[in-house]
Colleague: 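Got a structure here, written out as structure tokens. Questions coming.
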Amino acid sequence: MDEKKIPVIIDTDPGVDDALAIMIAAASEKIHLLGLTPVDGNVSAVHTHRNALDLVSFLGVDADVAEGSYDQLVCRFGRYATSTHGETGMGGVVIPQSDKQFHPLRAWDYIYEKAKEYPGELVIVAIGPLTNIARTLIMHPDIKPMIKQIVMMGGSTTRGNVSPYAEFNFYVDPPAAKMVFESGIPLVMAGLNVTLKTGISFDFISKLAQESGSRIGGMFNELVHGYSDVKINKEGDKASVVHDAIAVAYVIDPDKCETEEDRVEIQTERFLEGTWGQSKVVEGEPNCTVITDIDMDFYRDLYRRTVKYFGSLS
Ligand code: RIB
Ligand code: CA
């Protein structure tokens with residue numbers, strides 16, 4: 001019997017790693033990508049919204065784009081990550097501007113409508129700051145039991161990337177992250193503690209692009225070359241850290257991930273000491289499944305499958 005597809009909304013601040021994560025999700029036979037809800041984050045919301053519309057059209061994906069937040073719940077203490085993702089957020093890759101229109105509902109109302117349509121099944125993949133998710137909880141508190149789980153890229157049980165303690169997505173809007181972690185909704189966190197171990201080598205991506213000879217394969221290559229979150233991976237290769245793809249990989253096959261149950265609390269004080277936005281593991285009742293490792297063969301294969309899927313379309 002065909003496994004039922006998982007209804008998914010991706011809340012996102014595209015962003016190069018967001019774009020790759022969105023493609024992996026759209027190409028997966030396990031996921032029914034209902035829509036994207038863009039948010040202010042890597043680059044300004046004007047760009048993240050434009051990128052979401054253009055990506056969905058360029059990929060030929062039948063998914064909604066519901067307009068999200070252009071600001072944060074409280075105030076933004078950081079700058080945009082244009083040095084990592086490029087001025088417009090797509091690493092310098094120019095995606096044809098689409099004439100796709102936003103869904104009539106704003107992000108928080110769209111998520112609520114889809115939660116009512118898929119009660120207890122809807123999975124939110126949150127790969128940007130959590131402002132839209134927090135606004136959804138504020139506007140529609142009765143949504144909580146309708147959401148199966150929120151699988152997020154964010155936080156870290158070790159070190160930060162914006163301050164010694166805080167990871168970017170949580171740092172941009174800690175009050176929003178705090179609201180999500182106190183919501184009682186089942187949470188899965190792909191933090192820097194795992195994403196920094198998952199660099200995809202440039203050689204692997206460029207070989208994939210050459211073998212595919214497809215427009216998407218070429219785009220993969222261009223995107224990673226325009227994205228400066230690069231580490232030397234454990235094989236000693238120059239590798240692109242596609243943080244957001246780990247959240248999608250978990251949804252596709254959680255059994256390929258190692259996890260632990262933790263109580264995670266978001267720090268929303270002491271900005272100057274750098275703990276603003278820290279995701280701190282504390283004693284107490286767990287509120288989050290923390291991803292600690294992922295099967296890298298499985299993860300790399302997702303890229304092969306994605307290029308193959310879209311290559312067959314172009
Ligand atoms: O810290 C990495 C996260 O911040 C990723 O989601 C990246 O896209 C940026 O939003
Ligand atoms: Ca992101």
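Counting convention: from 1, in listed order, for ligands and their atoms alike. Being a predicted model, the structure only gives us computed values, none of them experimental.
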Colleague: Look only at interatomic distance and state if H243 has a nitrogen or oxygen under 3.5 Å from any nitrogen or oxygen of ligand 1.
Modeller: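 No, since none of the N or O atoms of H243 sits under 3.5 Å from an N or O of ligand 1.
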Colleague: Is it true that D203 and K238 have a side-chain N and a carboxylate O under 4.0 angstrom from each other?
Modeller: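 So D203 does not pair with K238 through a salt bridge.
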Colleague: Can you sort out the partners of H243 under side chain to side chain donor-acceptor pair (under 3.5 Å), two or more places apart, ordered by chain and number?
Modeller: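 Here the qualifying residues are T195, D229.
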Colleague: Does the gap between the ring centers of H49 and F102 come in under 6.0 Å?
Modeller: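 Yes: the rings meet the under 6.0 Å criterion.
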Colleague: Find all atoms of ligand 1 within a distance of less than 4.0 Å from any non-hydrogen atom belonging to E167, and give their numbers and elements.
Modeller: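 The list of qualifying atoms is 1 (O), 2 (C), 3 (C), 4 (O).
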Colleague: Which atoms of ligand 1 have any heavy atom of D17 under 4.0 Å away?
Modeller: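 Once the distances to D17 are compared, the set is 5 (C), 6 (O), 7 (C), 8 (O).
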Colleague: Under 4.0 Å, heavy atoms only, figure out whether ligand 1 is touched by the backbone of D13, its side chain, both or neither.
Modeller: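 Under 4.0 Å from ligand 1, D13 contributes side-chain atoms alone.
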Colleague: If you apply the rule salt bridge (charged side-chain N to carboxylate O under 4.0 Å, His left out), what do you find for D40 with R76, and how did you get there?
Modeller: CA-CA 10 Å; D40 188 77; R76 183 189 186 101; 2.7 Å; yes
Colleague: Using 30° and 60° as the class boundaries, would you call the ring planes of Y112 and H140 parallel, tilted or perpendicular?
Modeller: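 Ring orientation of Y112 relative to H140: parallel.
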Colleague: Answer yes or no: is there an ion pair linking K256 with D301, defined by an N-O contact shorter than 4.0 Å?
Modeller: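 So K256 does not pair with D301 through a salt bridge.
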Colleague: Just by distance, no angles: are the side chains of E269 and T275 close enough, under 3.5 Å, to form a donor-acceptor pair?
Modeller: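 Absent: no donor and acceptor within the cut-off.
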Colleague: Looking at E211 and R304, is there a salt bridge between them, counting it only when a charged N and a carboxylate O are closer than 4.0 Å?
Modeller: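 Salt bridge absent between R304 and E211.
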Colleague: Looking only at N, O or S atoms, which one in D13 sits nearest to the Ca ion (ligand 2)?
Modeller: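 So the atom name we want here is OD1.
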Colleague: To check your reading of the site, what angle at the Ca ion (ligand 2) do OD1 of D18 and O of I127 form, to 10°?
Modeller: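 Vertex the Ca ion (ligand 2), arms to OD1 of D18 and O of I127: 140°.
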Colleague: Is the shortest side-chain heavy-atom distance between L33 and I10 below 4.5 Å?
Modeller: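 Yes - at least one pair of side-chain heavy atoms lies under 4.5 Å apart.
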Colleague: Check all N, O or S atoms of D244 and name the one closest to the Ca ion (ligand 2).
Modeller: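 Minimum-distance N/O/S atom of D244 relative to the Ca ion (ligand 2) is OD2.
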Colleague: Tell me, which protein residue and heavy-atom name are nearest atom 6 (O) of ligand 1, and how many Å apart are they?
Modeller: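 Going by distance alone, atom 6 (O) of ligand 1 is nearest to D244 OD1, 2.5 Å.
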Colleague: Check ligand 1 against N161 and write out every atom of the ligand that is under 4.0 Å from a heavy-atom position of the residue.
Modeller: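 Under 4.0 Å from N161, ligand 1 has these atoms: 1 (O), 2 (C).
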Colleague: Which ligand 1 atoms does N42 reach within 4.0 Å, using its non-hydrogen atoms?
Modeller: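 Reading through ligand 1 atom by atom, the close ones are 7 (C), 8 (O), 9 (C), 10 (O).
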Colleague: So if I count the atoms of ligand 1 from 1 in the order they appear, which ones are less than 4.0 Å from some heavy atom of M153?
Modeller: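 Reading through ligand 1 atom by atom, the close ones are 2 (C), 3 (C), 5 (C), 6 (O).
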Colleague: Please classify the D18 to ligand 1 contact at 4.0 Å (heavy-atom distances, strictly less than): side chain, backbone, both or neither.
Modeller: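 The side chain, only.
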Colleague: With respect to L192, determine whether any N or O atom, backbone or side chain, lies less than 3.5 Å from an N or O atom of ligand 1.
Modeller: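 Min N/O separation from ligand 1 is not below 3.5 Å for L192.
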